[in-house]
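Labels below follow one simple rule: chain letters A, B, ... track the order of the sequence lines, proteins then strands, and each chain is numbered from 1.
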2 protein chains.
Amino acid sequence: MNALADYFKVFSEPNRLTVLETLRPGPLNVTAVVERTGLSQALVSKHLKLLTIAGVVRRRPEGSLVFYEVIDKGVFQLMGQARKLMLASRRQQLDALAAIL
Amino acid sequence: MNALADYFKVFSEPNRLTVLETLRPGPLNVTAVVERTGLSQALVSKHLKLLTIAGVVRRRPEGSLVFYEVIDKGVFQLMGQARKLMLASRRQQLDALAAIL
DNA sequence: TCGTGTTATAACCAAATCGTTATAACAGCC
DNA sequence: GGCTGTTATAACGATTTGGTTATAACACGA
């Protein structure tokens, strides 16, 4: 239970999700991610490290650059399903509200 | 992106997942959840409140008891998929380790 | 109304988390 | 070697979060 919670925690941070989304089309090195996200370099590095430790992303040094890429694109399916559930629960809540008013 | 992260955050806490799992078979009132989880009553109440706000769970007062039930059992599918991905990434990491040693 | 069982909340502490700034570590090139 | 560009990390402050304890709020029955 604990391990699963930790896994979910990986996706529970907006900037981290942004970084991950940036890597969706394909591998990028750190500065490329920095440019695309507008986040600070230190912060991007931190998030990428976390994603690596979580096994979501793979680190591949190439010369003086370091590329990162998503290991299993199934994570995006997970995100999609989560988004769907989230939207459904929102609708449900609005309906509940409407039933009261 | 932010909303999605918040949704994931709901599932990023071990005790909260335990509470949710307890509700899997069907509706339970608070004390029933307390008994089954071994968590303190105040803590269970807190987590249930969060789950309610997140729209994962519905609150239904019945006399002096308050029952909670999972609105969309699809959340368990989400958890299943997450667990699967988690295990896969673990395997992958072990393989990477084995390749080095 | 008083007491009891149930649930919610407030106040508080400890720990975790996120971001920034500054700097280290590293690779390649002159 | 020294310089530059790239990436990682350490140190710090601010905020959030999870848990406990104590108590409030609520429904019900004697």
[N] [atom2] sits how many Å from [X] [atom1], rounded?
X: A:D6; N: C:dA15; atom1: CG; atom2: C1'; answer: 15 Å
X: A:R60; N: D:dT6; atom1: CZ; atom2: C1'; answer: 16 Å
X: A:Q41; N: C:dA24; atom1: CD; atom2: P; answer: 15 Å
X: B:L39; N: D:dT21; atom1: CG; atom2: P; answer: 13 Å
X: B:L48; N: C:dA8; atom1: CG; atom2: C1'; answer: 11 Å
X: B:L51; N: D:dG18; atom1: CG; atom2: P; answer: 11 Å
X: A:K46; N: C:dA24; atom1: NZ; atom2: P; answer: 18 Å
X: B:F8; N: D:dT16; atom1: CZ; atom2: P; answer: 22 Å

How long is the straight-line distance from [atom2] of [Y] back to [atom1] of [X], given to the nearest 0.5 Å?
X: A:T52; Y: A:K49; atom1: OG1; atom2: NZ; result: 9.0 Å
X: A:L28; Y: A:F67; atom1: CG; atom2: CZ; result: 8.0 Å
X: B:M79; Y: A:F8; atom1: CE; atom2: CZ; result: 6.0 Å

Note, A:L87 side chain near A:R83 side chain (heavy atom, < 4.5 Å): yes
- request: Tell me, with the steps shown, if A:T37 and A:N15 meet side chain to side chain contact (heavy atoms under 4.5 Å, CB included).
  value: CA-CA 8 Å; A:T37 58; A:N15 289 336; over 6 Å; no
Using a cut-off of 4.0 Å on non-hydrogen atoms, how would the nucleic acid contact of [X] be classed: base, sugar-phosphate, or nothing?
X: B:K49; result: sugar-phosphate
X: A:T31; result: sugar-phosphate
X: B:F67; result: nothing
X: B:E13; result: sugar-phosphate
X: A:S45; result: base

Under 4.0 Å between a side-chain N or O of [X] and OP1 or OP2 of [N]?
X: A:N15; N: C:dC18; result: no
X: B:Y68; N: C:dA8; result: yes
X: A:S64; N: D:dG5; result: no

Of the candidate nucleotides [options], which contains the atom at the shortest distance from the side chain of [X]?
X: A:H47; options: C:dT7, C:dG19, D:dG19; answer: C:dG19
X: A:N29; options: D:dT9, D:dT6, D:dA8; answer: D:dT6
X: A:V66; options: D:dG19, D:dA8, C:dA8; answer: D:dA8
X: B:R16; options: D:dG18, C:dT20, D:dG19; answer: D:dG18
X: A:R59; options: D:dA8, D:dT20, D:dT6; answer: D:dA8

message: Name the residue from A:L39, A:L43, A:L50, A:V34 that meets the side chain to side chain contact (heavy atoms under 4.5 Å, CB included) definition with A:V19.
response: A:L39
statement: DNA chain C nearest-nucleotide lookup for A:K9 and A:E62: closer to the 5′ end is A:K9
- prompt: Given that A:S40 and B:L65 both sit by DNA chain C, which one's nearest nucleotide is further toward the 5' end?
  reply: B:L65
